[in-house]
A.B. asks: 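Below is the structure I would like to discuss, written out as structure tokens.
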Amino acid sequence: MGFWVECILFALLSLVLQHVGGCDFFRGKWVPESDPSSYPVYNSATCPFIEREFNCEKNGRPDRNYLTYTWQPHDCNLARFDGEDLLRRLRGKKIMFVGDSLSRNQWQSLTCLLSTSVPNANYTIDRVDDVSTFTFMDSGVKVMLDRNVYLVDVVRENIGRVLKLDSIQSGKLWKGIDMLIFNTWHWWNRRGAAQPWDYIQVGNKTYKDMDRMAAFRMALTTWGGWVDSNIDPSNTMVFFQGISPSHYK
């Protein structure tokens, strides 16, 4: 996964924190950076937080031009990523990524961006239950990851592993977070040994399988209902990321 995958999100964080209004920063295009010598913002080959499967350069990608592109909205300009400024604005806040490998990739990249920007920062990394947390001790900023590939629950029962399309008990981990970034998609079409459930349950009905797009729609409806019922938008920002290309090809 290249650095450009993260550019929009982290530029968006900076933009939101600067309270820039009147601009649709989701509409734009990728353009070569005017000063390519200043990119990439971090070196994926040396950052210790990038896992092997996400490291394009170490896995043999020969070109590096993709590292020097930046996102240019049609109607405004995004500030260059500034880790020190971001940590200052987020003092005492919690950011959590919730989802599959895309979220894990984003979590790792943000820790690289911030630790590169503030190389002498004191930090800790720990894992409790399903949540990994990277904490910047001086600012109290926590960058967290909940690896949850379906967002709805997968529960082990007597019949086996059950994917429950109308249940989000794991949502208790998302409460009290200041910024939530969700994603899900790639695991919905997994089959065979790669499929981490044996049955699908909706209400009181249990199925051996069902149309995966219909299941995906039900799960997102459940997730959206959970957000509406449990999240106060005046206290927590919620983002849902779009679908990314597969990184297994």
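Computed from a predicted structure; not experimentally measured. Values below: every heavy atom of this structure, side chains too, minus hydrogens, waters and symmetry copies.
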A.B. asks: What residues form a side-chain hydrogen bond (donor to acceptor under 3.5 Å, both in side chains) with Arg88, not counting sequence neighbours?
C.D. replies: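 So Arg88 forms a side-chain hydrogen bond (donor to acceptor under 3.5 Å, both in side chains) with Asp85.
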A.B. asks: Under the 3.5 angstrom rule, does the side chain of Asn183 hit a backbone N or O of Asp100 as a donor-acceptor pair?
C.D. replies: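 It does hold such a pair.
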A.B. asks: State whether the side chain of Thr222 and the backbone N or O of Leu165 hold a donor-acceptor pair below 3.5 Å, judged by distance alone.
C.D. replies: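 At least one qualifying donor-acceptor pair exists.
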A.B. asks: If two hydrophobic side chains count as joined below 4.5 Å and joins carry through other members, does Met137 share a cluster with Leu90?
C.D. replies: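 Met137 does not cluster with Leu90.
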A.B. asks: Are the side chains of Leu220 and Thr184 in contact, using a 4.5 Å heavy-atom criterion?
C.D. replies: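 When only atoms from C-beta onward are counted, Leu220 and Thr184 do touch, with a gap below 4.5 Å.
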A.B. asks: So Arg147 and Arg104, do their side chains get closer than 4.5 Å, heavy atoms only?
C.D. replies: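 When only atoms from C-beta onward are counted, Arg147 and Arg104 do touch, with a gap below 4.5 Å.
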A.B. asks: In the hydrophobic clustering that connects Ile, Leu, Val, Met, Phe, Trp and Tyr at side-chain heavy-atom distances below 4.5 Å, which members other than Val31 occupy its cluster, ordered by chain and number?
C.D. replies: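 ILVMFWY cluster around Val31 holds nothing else.
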A.B. asks: Quick one, Arg161 and Gln195 - any side-chain contact, counting heavy atoms below 4.5 Å?
C.D. replies: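 Result no, sub-4.5 Å side-chain heavy-atom pair not found.
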A.B. asks: Taking side-chain hydrogen bond (donor to acceptor under 3.5 Å, both in side chains) as the definition, give me every residue that meets it alongside Ser234, ordered by chain and number, with sequence neighbours left out.
C.D. replies: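 Here the qualifying residues are Asp232.
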A.B. asks: Out of curiosity, Leu86 CG to Ser117 OG, how far, rounded to the nearest 0.5 Å?
C.D. replies: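 Spacing of CG (Leu86) from OG (Ser117) equals 8.5 Å.
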A.B. asks: Using every non-hydrogen atom in the two residues, find where Met179 and Thr236 come nearest and quote the distance to one decimal.
C.D. replies: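 So the minimum-distance heavy-atom pair works out to N-CG2, 4.4 Å.
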A.B. asks: Is Arg27 atom CZ crowded by more than 12 heavy atoms from other residues, nucleotides or ligands, each under 6.0 Å away?
C.D. replies: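 Check fails, neighbour count at 12 or below.
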A.B. asks: Over all heavy atoms of both residues, which pair between Arg212 and Arg190 is shortest? Give the atoms and the distance, please.
C.D. replies: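 Minimum heavy-atom contact is NH1-O, 3.0 Å.
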A.B. asks: For Lys208 and Tyr199, which heavy atoms make the closest approach, and how far apart are they?
C.D. replies: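 Taking Lys208 first and Tyr199 second, the nearest heavy atoms are CD-CE2, 3.7 Å.
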A.B. asks: How many angstroms lie between atom OG of Ser170 and atom CG of Asp130, to the nearest 0.5 angstrom?
C.D. replies: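 If we round to the nearest 0.5 Å, Ser170:OG and Asp130:CG are 8.0 Å apart.
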A.B. asks: Here's one to test your reading of the geometry: is the NZ or CZ of Lys142 within 45 degrees of the ring axis of Phe136 and under 6.0 Å from its centre?
C.D. replies: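 Geometry flag: not set, cation outside 6.0 Å or 45°.
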A.B. asks: Report yes or no: does Asp153 contribute a side-chain atom to a donor-acceptor pair with the main-chain N or O of Gln169 at less than 3.5 Å?
C.D. replies: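 Yes, the answer is positive, given that a donor and an acceptor are paired below the 3.5 Å cut-off.
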A.B. asks: Does any non-hydrogen side-chain atom of Tyr150 lie less than 4.5 Å from one of Ile168?
C.D. replies: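 No - every pair of side-chain heavy atoms lies 4.5 Å or more apart.
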A.B. asks: Once you round to the nearest 0.5 Å, how far does CD1 of Ile177 lie from NZ of Lys93?
C.D. replies: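 Rounded to the nearest 0.5 Å, the CD1-NZ separation comes out at 11.5 Å.
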A.B. asks: Please tell me whether Val128 and Met96 are part of a single hydrophobic cluster in this structure, the criterion being side-chain heavy atoms less than 4.5 Å apart.
C.D. replies: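 No, it is not one cluster - the side chains of Val128 and Met96 are not joined through contacts under 4.5 Å.
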A.B. asks: Starting at NZ of Lys172, measure out to CG of Asp129 and round the result to the nearest 0.5 Å.
C.D. replies: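 It is 8.0 Å, given to the nearest 0.5 Å.
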A.B. asks: Rounded to the nearest 0.5 Å, what separates atom CG in Asp209 from atom CZ in Arg191?
C.D. replies: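 Interatomic distance, Asp209 CG to Arg191 CZ, rounded to 0.5 Å: 5.5 Å.
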A.B. asks: Atom CG in Leu145, atom CD in Gln106: separation rounded to 0.5 Å?
C.D. replies: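 Between Leu145 CG and Gln106 CD, I get 11.0 Å after rounding to 0.5 Å.
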A.B. asks: Within a reach of under 6.0 Å around CG of Asp126, are more than 12 heavy atoms found that belong to other residues, nucleotides or ligands?
C.D. replies: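 More than 12 within 6.0 Å, yes.
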A.B. asks: Quick check: is Met218 connected to Val155 through a chain of hydrophobic side chains (ILVMFWY, heavy atoms under 4.5 Å apart)?
C.D. replies: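 In one cluster with Val155: Met218, no.
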A.B. asks: So, do Thr116 and Phe81 sit near enough that their side-chain heavy atoms are less than 4.5 Å apart?
C.D. replies: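 No. Closest side-chain heavy atoms not under 4.5 Å.
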A.B. asks: So, the side chain of Gln108 versus the backbone of Glu51: is there a donor-acceptor pair under 3.5 Å, distance only?
C.D. replies: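 Between the backbone of Glu51 and the side chain of Gln108 there is a qualifying donor-acceptor contact (under 3.5 Å).
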A.B. asks: If only atom types and distance count, is the side chain of Ser109 paired as donor or acceptor with the main-chain N or O of Asn105 below 3.5 Å?
C.D. replies: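 Flag not set: sc Ser109 to bb Asn105 has no pair under 3.5 Å.
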A.B. asks: Do Asp198 and Ile159 touch side chain to side chain, with heavy atoms closer than 4.5 Å?
C.D. replies: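 No; the side chains remain at least 4.5 Å from each other.
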A.B. asks: Does atom CZ of Arg156 have more than 12 heavy-atom neighbours from other groups under 6.0 Å away?
C.D. replies: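 Counting neighbours around CZ of Arg156, 12 or fewer heavy atoms of other residues, nucleotides or ligands fall under 6.0 Å, so no.
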A.B. asks: Examine the side chains of Arg91 and Ser139 and answer whether a donor and an acceptor come within less than 3.5 Å of each other.
C.D. replies: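 On atom types as modelled, these side chains do not qualify, holding no pair under 3.5 Å.
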A.B. asks: Can you tell me which residue among Phe97, Trp226, Phe239, Trp174 is in a ring pair (Phe, Tyr, Trp, His ring centres under 6.0 Å) with Phe182?
C.D. replies: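 Of the listed residues Phe97, Trp226, Phe239, Trp174, the ring pair (Phe, Tyr, Trp, His ring centres under 6.0 Å) partner of Phe182 is Trp174.
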A.B. asks: With a 4.5 Å cut-off on side-chain heavy atoms, are Ser103 and Gln241 touching?
C.D. replies: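 Yes, at least one pair of side-chain atoms sits under 4.5 Å.
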A.B. asks: Among pairs that include at least one residue of residues 130-163, which meet disulfide (SG to SG under 2.5 Å), considering only residues two or more places apart or in two chains?
C.D. replies: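 Listed by first then second residue: nothing to list.
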A.B. asks: I need the minimum non-hydrogen distance between Met210 and Ala214, along with the two atoms involved.
C.D. replies: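 Closest approach of Met210 to Ala214: CE-CB, 4.5 Å.
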A.B. asks: For Cys112 and Ser115, work out which heavy atoms get closest and say how close.
C.D. replies: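 Taking Cys112 first and Ser115 second, the nearest heavy atoms are O-OG, 3.3 Å.
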A.B. asks: Indicate, with yes or no, if Leu173 and Val98 share a hydrophobic cluster defined by side-chain heavy-atom contacts under 4.5 Å among Ile, Leu, Val, Met, Phe, Trp and Tyr.
C.D. replies: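 As far as the 4.5 Å side-chain criterion goes, Leu173 and Val98 are connected within one cluster.
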A.B. asks: Using side-chain heavy atoms (C-beta onward) and a distance below 4.5 Å, is Asp178 in contact with Lys94?
C.D. replies: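 Yes, at least one pair of side-chain atoms sits under 4.5 Å.
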A.B. asks: Report the residues that fulfil side-chain hydrogen bond (donor to acceptor under 3.5 Å, both in side chains) with Trp223, sequence neighbours left out, ordered by chain and then residue number.
C.D. replies: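 Here no residue qualifies.
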A.B. asks: Applying a strict under-4.5 Å side-chain criterion to I, L, V, M, F, W and Y, I'd like to know whether Val227 and Phe240 cluster together.
C.D. replies: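 The answer is yes; both residues are in one hydrophobic cluster.
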A.B. asks: Just to verify, what does Asp166 make a side-chain hydrogen bond (donor to acceptor under 3.5 Å, both in side chains) with, not counting sequence neighbours?
C.D. replies: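 So Asp166 forms no side-chain hydrogen bond (donor to acceptor under 3.5 Å, both in side chains) with any residue.
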A.B. asks: So which heavy atom on Thr133 is nearest to which on Met144, and how close?
C.D. replies: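 Shortest heavy-atom separation between Thr133 and Met144 comes out as OG1-CE, 3.7 Å.
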A.B. asks: Looking only at the aromatic ring of each residue, does the gap between the centers of Phe216 and Trp188 stay below 6.0 angstrom?
C.D. replies: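 Yes.
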